Amino acid sequence: MTAPSDLTTRLGLGGEARAIILNADDFGMCHAANEAITELLVAGHLDSSTVMLPCAWAPEALQFAAAHPDASVGVHLVLTSEWSRYRWRPLTGTATSLVDRDGYFPTEVRSVEERASVQDASAELGAQIDAALAAGVDVTHLDNHMGSVYGLYTGRDFLGPVFDLAARHGLPFRLPRVADGIGIDTAMQPALDRATAAADAAGIVILDRLWTHPFELAGEGTGDEETYEQIRDGFLALLRAVPAGVTEIYLHPMVDGHELRAAVDYGAAKRGHERRLLADPLVHETIEKEGLIRISWRALRSVQRNL
């Protein structure tokens with residue numbers, strides 16, 4: 001198995017340190033996301049979040065981020081729009097290879113890999129970063145919605161444009177060195193090795209590991225639906241298993257209510273559970289007992305800019 005990097009040493013934490021970043025994806029997707037993420041950031045229950053610039057509620061998220069410069073807020077680079085009733089379009093317009101026949105980003109990553117041109121993807125991702133900066137956000141990092149730039153399905157990735165943008169802006173990027181997280185096939189390790197070598201050559205700071213728990217609620221809508229306590233116990237086990245290095249643990253906390261249930265096709269209950277999870281005293285007690293060190297992407301940005 002690929003060993004972690006020397007990133008914790010470069011952060012001044014020591015080579016055996018177990019550092020984590022608790023990140024909330026999908027800031028700006030809807031008001032339900034913004035309400036949950038802002039309350040968790042203010043309370044110190046999150047270490048960072050990333051904004052989806054093409055979404056309707058991005059202005060509210062950007063306004064918060066600009067008004068709270070100490071919060072670590074990055075850009076959630078978007079090339080997909082996955083829900084059936086709530087969709088979003090590219091900032092660069094619809095006369096590109098980035099849209100489906102209805103003029104929206106496609107619902108599936110495979111469509112992006114098969115149809116999007118590198119030129120169009122690069123222009124769109126650059127526009128999303130520029131929009132966040134123009135809103136006054138001190139952007140701390142980049143990551144990617146649904147893994148649409150990684151080449152997960154066909155092997156055709158968009159990491160070249162992403163690395164160019166990350167290097168230009170001095171921003172670290174969510175890319176794990178080790179393929180051992182949920183949703184990451186261990187067969188991807190050779191491709192990850194090539195990608196991490198390219199990131200290192202470009203001076204882009206990346207993660208050792210990227211972890212989460214299952215996106216969907218097990219047994220949703222049935223008599224065997226997963227309970228909050230089961231989710232919490234699984235998450236506590238995940239925290240106890242964090243090894244040495246820097247591990248981002250990303251979740252999607254949102255307020256489970258009418259707005260969210262009207263927007264998404266599934267998973268609303270899980271989003272509400274994740275909001276509760278991140279504020280749960282047992283989670284934070286476990287982090288402390290395990291000796292896990294919470295850091296933010298701002299610290300990784302400092303490492304990159306000091307290279």
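Just so you know, these numbers come straight off a predicted model, no measurement behind them.
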Flag, side chain of Arg89 to backbone of Gly103, donor-acceptor distance under 3.5 Å: yes
Heavy atoms from other residues, nucleotides or ligands near OH of Tyr153 exceed 12 (cutoff 6.0 Å): no
Pair Leu46-Phe27, side-chain contact (heavy atoms from CB on, under 4.5 Å): steps then yes or no: CA-CA 12 Å; Leu46 277 171; Phe27 200 14; over 6 Å; no
Closest heavy-atom pair and its distance - Gly170, Pro172: O-CD, 4.1 Å
Thr196 side, atom OG1; Leu207 side, atom CG - distance, nearest 0.5 Å: 11.5 Å
Leu13 side chain reached by Val246 side chain, heavy atoms, under 4.5 Å: no
Heavy-atom side-chain proximity of Val149 to Val112 below 4.5 angstrom: no
Among Asn23, Asn144, Asp143, side-chain hydrogen bond (donor to acceptor under 3.5 Å, both in side chains) partner for His76: Asp143
Main-chain N/O of Leu53 paired to Gln128 side chain as donor or acceptor, under 3.5 Å: no
Rounded distance (nearest 0.5 Å) linking atom OG of Ser111 with atom CG of Asp100: 8.0 Å
Asp256 bridged to Arg276 by N-O distance under 4.0 Å: no
Residue pair Leu175 / Tyr150: nearest heavy atoms and the distance that separates them: CD1-CE2, 3.6 Å
Test: Arg194 and Asp157 ion pair at under 4.0 Å: no
Close side-chain approach of Gln304 to Ile204, heavy-atom, < 4.5 Å: yes
Exceeds 12 heavy-atom contacts within 6.0 angstrom, atom CD of Glu114: yes
Closest contact, heavy atoms only, Phe158 versus Ala121: CD2-CB, 3.8 Å
Side-chain donor/acceptor of Arg298 to backbone N/O of Thr140, under 3.5 Å: no
Glu259 (side chain) donor-acceptor with His31 (main chain) under 3.5 angstrom: yes
Heavy-atom pair with the smallest gap, counting every atom of Ala17 and Thr8: O-CG2, 3.8 Å
Beyond-backbone contact of Arg115 with Ser97, side-chain heavy atoms, under 4.5 angstrom: no
Side-chain donor/acceptor of Trp88 to backbone N/O of Thr80, under 3.5 Å: yes
Tyr86 and Val264, any side-chain heavy atoms less than 4.5 Å apart: no
Atom CD of Gln230: over 12 foreign heavy atoms under 6.0 Å: yes
Point-to-point distance, once rounded to the nearest 0.5 Å, from CG of Leu77 to OG of Ser148: 8.0 Å
Ile129 and His169, any side-chain heavy atoms less than 4.5 Å apart: yes
Glu124 side chain to Pro90 backbone, donor-acceptor under 3.5 Å: no
N/O donor-acceptor pair under 3.5 Å between Glu225 side chain and Gly221 backbone: yes
Close side-chain approach of Leu251 and Thr212, heavy atoms under 4.5 Å: yes
N/O donor-acceptor pair under 3.5 Å between Arg271 side chain and His252 backbone: yes
Short N-O contact, Glu220 and Lys270, less than 4.0 angstrom: no
Donor-acceptor contact below 3.5 Å, side chain Ser122 vs main chain Val118: no
Check: Trp297/Asp47 side-chain N/O donor and acceptor closer than 3.5 Å: no
Glu229 atom CD, over 12 foreign heavy atoms within 6.0 Å: yes
Any side-chain heavy-atom pair of Thr107 and Arg87 under 4.5 Å: yes
Whether Arg174 side chain and Leu210 backbone form a donor-acceptor pair below 3.5 Å: no
Minimum-distance pair of heavy atoms, taken over all atoms of Trp57 and Asn34: O-ND2, 3.1 Å
